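As the structure is a prediction and not an experimental result, all values here were calculated from the model.
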Amino acid sequence: MTQDIDRARAVADRVVVSYPADLSDWGRFQVEKPSFRAFLRKTRERAREGDVWEEFVGVGCCGNTLDVPLRVERVDGGNRIDETTEITYDVREACDIQGSWRVQSKGGPNRA
């Protein structure tokens with residue numbers, strides 16, 4: 001019990017987050033940018049293995065959105081996230097996500 005309380009209060013050294021293998025190159029570029037990692041550190045207070053975060057990563061030129069399901073794979077250290085927490089990525093199985101810079105185009109999202 002005391003260990004659980006200590007872990008909940010401690011800051012995570014690193015959080016490993018995965019995205020689906022079929023996320024487009026554009027989508028990967030968006031989530032792997034330093035500014036997106038900073039966004040996660042500012043908007044997420046805690047991380048637990050198995051958490052899924054549906055995150056908006058951008059819009060195409062016509063305004064369609066791309067939301068990506070990010071899953072917490074591992075948390076090193078405590079559960080709290082702050083500006084010192086390192087965010088790293090892993091790739092998991094595909095989930096039929098649709099998205100690229102052409103997410104809204106007539107040609108379709110998987111043709112870019």
Lys/Arg N to Asp/Glu carboxylate O, Glu93 vs Arg71, below 4.0 Å | yes

Asp82: side-chain hydrogen bond (donor to acceptor under 3.5 Å, both in side chains) partners, not counting sequence neighbours =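 Checked Asp82 against side-chain hydrogen bond (donor to acceptor under 3.5 Å, both in side chains); matches are Thr84.
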
Listed partners of Ser18 passing side-chain hydrogen bond (donor to acceptor under 3.5 Å, both in side chains), at least two apart = Glu73, Arg92

Is there a path of hydrophobic side-chain contacts, each under 4.5 Å between heavy atoms, that joins [X] and [Y]?
{"X": "Phe29", "Y": "Ile87", "value": "no"}
{"X": "Val91", "Y": "Tyr89", "value": "yes"}
{"X": "Val16", "Y": "Val68", "value": "no"}
{"X": "Val15", "Y": "Leu40", "value": "yes"}

Derivation of the side chain to side chain contact (heavy atoms under 4.5 Å, CB included) call for Glu86 and Asp13 = CA-CA 6 Å; Glu86 180 184 9; Asp13 297 316; over 6 Å; no

Neighbour count >12 (heavy atoms, 6.0 Å) for atom CD, Glu45 = no

Salt bridge (charged side-chain N to carboxylate O under 4.0 Å, His left out) filter on Arg14, not counting sequence neighbours, yields Asp76

Do any N or O atoms from the side chain of Asp22 and from the backbone of Cys95 form a donor-acceptor pair under 3.5 angstrom?
-> yes

Taking the side chain from Arg80 and the backbone from Ala47, do they hold a donor-acceptor pair closer than 3.5 Å?
-> no

With rounding to the nearest 0.5 Å, note down the distance linking CG in Asp51 to CZ in Arg46.
->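 So the gap between those two atoms works out to 11.5 Å.
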
Within residues 31-42 or reaching into it, pairs that qualify as side chain to side chain donor-acceptor pair (under 3.5 Å) - sequence neighbours excluded =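 As it turns out, the side chain to side chain donor-acceptor pair (under 3.5 Å) pairs with a partner in residues 31-42, which skip direct neighbours, are Tyr19-Glu32, Gln30-Lys33.
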
For Glu49, the side chain to side chain contact (heavy atoms under 4.5 Å, CB included) test, sequence neighbours excluded, returns Arg74

Using the test side chain to side chain contact (heavy atoms under 4.5 Å, CB included), find all partners of Arg44 that sit at least two apart in sequence or belong to another chain.
-> Trp53, Glu55, Ile81

With side chains defined as the heavy atoms from C-beta onward, is the minimum distance between Val11 and Thr85 less than 4.5 Å?
-> yes

